[in-house]
Amino acid sequence: MIEKIDLEDFSDVPIPQENLDLAKKYGVTATPVLIITDSDGIKLEERVGGMGITQSIRTLVEQYA
């Protein structure tokens, strides 16, 4: 399952607390960030920055899908 969590506010709608709590749980301090977890929510991989995500996305999908 892939889930997108918004952490930047580009509108008048505040960022949901649930999203902020997830960012805190996984130590997110910058975006964009890709975090891969197992079914229990344990972090397996993390990539930060558009280029880092783009360059590794195929490998990560093949490894974890």
Side-chain angles (χ1 to χ4, degrees):
M1 178 173 94
I2 295 175
E3 186 174 354
K4 179 181 181 267
I5 306 296
D6 290 320
L7 294 174
E8 296 185 40
D9 183 13
F10 294 111
S11 69
D12 293 335
V13 179
I15 299 168
Q17 186 61 46
E18 176 182 339
N19 294 8
L20 297 172
D21 292 344
L22 276 173
K24 184 176 181 179
K25 174 181 177 178
Y26 292 110
V28 174
T29 58
T31 60
V33 61
L34 172 68
I35 296 175
I36 297 176
T37 66
D38 65 13
S39 60
D40 294 322
I42 305 299
K43 187 186 329 186
L44 303 173
E45 298 275 348
E46 178 179 324
R47 298 290 188 275
V48 178
M51 188 60 73
I53 293 169
T54 301
Q55 290 177 338
S56 60
I57 193 84
R58 180 176 290 138
T59 302
L60 292 171
V61 167
E62 289 172 358
Q63 182 176 349
Y64 293 105

So, Y64 side chain and D38 main chain: donor-acceptor pair closer than 3.5 Å or not?
no
Heavy-atom closest pair (P32 atom, G50 atom, distance to 0.1 Å) is CG-N, 3.5 Å
Gap between atom CD1 of I36 and atom CZ of R47 - 0.5 Å precision
7.5 Å
Strictly distance-based, threshold 3.5 Å: is any side-chain N or O of K43 a donor or acceptor partner for the main-chain N or O of I35?
no
Closest contact, heavy atoms only, N19 versus D6:
ND2-O, 2.9 Å
Taken to the nearest 0.5 Å, the spacing of I15 CD1 from I5 CD1 works out to 11.5 Å
Out of the candidates T54, V61, L60, only one should pair with I57 under the side-chain contact (heavy atoms from CB on, under 4.5 Å) rule; please name it.
V61
Minimum heavy-atom distance T37-L44, with the two atoms named:
C-CD1, 3.9 Å
Would the number of heavy atoms belonging to other residues, nucleotides or ligands and lying under 6.0 Å from CD of Q17 be above 12?
yes
Say whether Y26 and V33 are linked into one hydrophobic cluster, either directly or through other cluster members, by side-chain heavy-atom distances under 4.5 angstrom.
yes
Nearest-0.5 Å distance, OG1 of residue T29 to NZ of residue K24
14.0 Å
Considering non-hydrogen atoms only, spot the tightest contact between V28 and L7 and give its length.
CG1-CD1, 3.8 Å
